[in-house]
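Data block below; observations after.
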Protein chains: 2
Amino acid sequence: MQQLDVSSYLGKLQDYYAKERIIPSTTQLSVLWNGKARSWTHRIVQRLKEEGFLENGPGGRLRPGPRFFERTVGHRIRAGLPQEAFDVQPELLRIDDYLIEKPSQTILFPVKGDSMIDLGILEGDMVVIERSDSASPGQVVLAIVDNEFTLKVLARDKEGYYLEARNDRRSGDYLPIRPEQKLEIYGFYVGLFRKAPASRNRIGSSRG
Amino acid sequence: MQQLDVSSYLGKLQDYYAKERIIPSTTQLSVLWNGKARSWTHRIVQRLKEEGFLENGPGGRLRPGPRFFERTVGHRIRAGLPQEAFDVQPELLRIDDYLIEKPSQTILFPVKGDSMIDLGILEGDMVVIERSDSASPGQVVLAIVDNEFTLKVLARDKEGYYLEARNDRRSGDYLPIRPEQKLEIYGFYVGLFRKAPASRNRIGSSRG
DNA sequence: TATTATAGAGAACAATCGTTCTCTATTCAA
DNA sequence: TTGAATAGAGAACGATTGTTCTCTATAATA
């Protein structure tokens, strides 16, 4: 009548995955889980699948399921915290996987200037751009204007497509850009990442 | 005498992996690469291994190699010609390595609220936190207040340490937090990443 | 023209795969 | 004490695996 404690098996598997980046086969899992029989291993795998930690990819191979990357902060470090503040282990999740859907059509771009600051896009950020010739109004796009790349919001009115900045405080400096002929779009914005410069963090604690 | 263009094969494989989170078997790769013979597929895989895009994990299975997650970084100025990428080698970057220095001491944390919006940290962003019990004034820290995690700027005055928000427009809503006893710091902010929700992108092109 | 590398087909190998079956212990609750 | 669930062993299945052969056809080079 007791519950099968699947978590110790899962823990070992997660550690293995963090190191090898592969879900092992049943045979190898048996070894990893202290040499149990393959049939038994298979049964545990079934449980992990039912609970969403594993799933079958194409070809019957195992792969991480949606819950595989979960881990609770409280459990690991602060048992006292009642809050279910679960986070994600960076060893398990690749940020890359999270941000990029079509690697072959994705390019990273460093952001210049503060024209998109209202969308939380700062100078020095790296934006993730998915290549595309076209986009919809309202989308953030990387366009080519005067032989330079520029990140702006695509907009449209009766006169056609144009580009808008997103910086209310300096809206006078960033007037809408209307192309002379064709508006050339290079791709659209799908995400960004930012490394906080140690220096920027330390800039005084006084607020304007 | 011509070079085998392995990059188109690699691109398809990278796209597949981004979707399925598995490197397929030789047989499946043959299908993915437009139905080539298994022996030929195997030869291409060998090349990808030589170049560091793939490698053999335990059990002979394929897994992503060290170069598999490299992404190209564009530069601001567009090279004069419509065709980019001639003999100039593009700069490559691995997002995970860029953001995370100490994986075992790093956690990812989802941002709640807009209290740090002036630093470009928005609701729904994932912040990269490096564990530490202490921090310097001016640093952005993840602290524990009232049994909840909160991301704020660490500050200090004659009365001691306290936490500040960074939201000028709603500064009245985010008053400095002064702990009753000890200020408990969980770690400090080293970066963030953000996936642009498709819906957020489409929110109208009109500006307040 | 002869040569060489690319691009591909097809067969064959032992090894491993996931899965299913039947058979024991052990443990715990009714 | 009985029954049922857990925990595990072991054998066996056909399918798929990675790999290695040998054999063509094409295309570019020397």
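So you know, we letter chains A, B, ... as the sequences are listed, proteins then strands, and number each from 1. Bear in mind that the values here come from a model prediction, so they are computed numbers and not experimental data.
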Next on the checklist: Nearest to the side chain of A/K49, heavy atoms from C-beta on, is which of C/dG18, D/dA9, C/dT19?
Outcome noted: C/dT19
Item to check | Pair B/R21 + A/D97, salt bridge at N-O below 4.0 Å | outcome: no
Next on the checklist: Strictly below 4.0 Å, N to O, side chains only: are B/K102 and B/E130 in salt-bridge contact?
Outcome noted: yes
Item to check | Nearest-Å distance for atom pair CZ/P, residues A/R43 and D/dA7 | outcome: 10 Å
Item to check | Base D/dG10 to side chain A/R38, donor-acceptor N/O within 3.5 Å cut-off | outcome: no
Checklist entry - If you check every side-chain atom of A/H42, which of D/dT6, D/dT17, C/dT20 has the closest atom? => result C/dT20
Checklist entry - Roughly how many Å is it from CG in B/L62 to P in D/dT16, rounded to a whole number? => result 18 Å
Item to check | Closest to the A/W40 side chain, choosing from C/dT19, C/dG8, D/dA7 | outcome: D/dA7
Checklist entry - Can the ring centroids of B/F68 and B/Y17 be said to lie less than 6.0 angstrom from one another? => result yes
Checklist entry - Among D/dT20, D/dA7, C/dG8, which nucleotide sits nearest the side chain of B/S39? => result D/dT20
Checklist entry - Would you call A/E55 and A/R61 a salt bridge, taking side-chain N to carboxylate O under 4.0 Å as the test? => result no
Checklist entry - When the distance from CH2 of B/W33 to P of C/dT6 is rounded to whole Å, what number comes out? => result 16 Å
Next on the checklist: Quick check on C/dC17: is either OP1 or OP2 less than 4.0 Å from any side-chain nitrogen or oxygen of A/T27?
Outcome noted: yes
Checklist entry - Within 45° of the axis and under 6.0 Å from the centre of the six-membered ring of B/F193, does NZ or CZ of A/R194 qualify? => result no
Checklist entry - CG of A/L29 versus P of C/dT19: gap in Å, rounded? => result 12 Å
Checklist entry - Just how far, in rounded Å, is P of D/dG18 from CD1 of B/I44? => result 15 Å
Checklist outcome for this item: Rounded to whole Å, the CD1-P distance (A/I23 to C/dC17) equals 14 Å
Item to check | Between P of D/dT19 and CZ of B/R61, the distance in whole Å | outcome: 13 Å
Checklist entry - Should B/Q28 be listed as having a side-chain N or O under 4.0 Å from OP1 or OP2 of D/dT16? => result no
Next on the checklist: Just the rounded figure in Å: distance from C1' of D/dG18 to CG of B/L48.
Outcome noted: 16 Å
Checklist entry - With respect to the phosphate group of C/dC17, does any side-chain polar atom (N or O) of A/T26 fall under 4.0 Å of OP1 or OP2? => result no
Checklist entry - Which of the following nucleotides, D/dT17, C/dG10, D/dT19, is nearest to the side chain of B/Q46? => result D/dT19
Checklist entry - Between A/S25 and C/dT16, does any side-chain N or O lie under 4.0 Å from OP1 or OP2? => result no
Checklist entry - Are B/R47 and C/dT6 close enough that a side-chain N or O sits under 4.0 Å from OP1 or OP2? => result yes
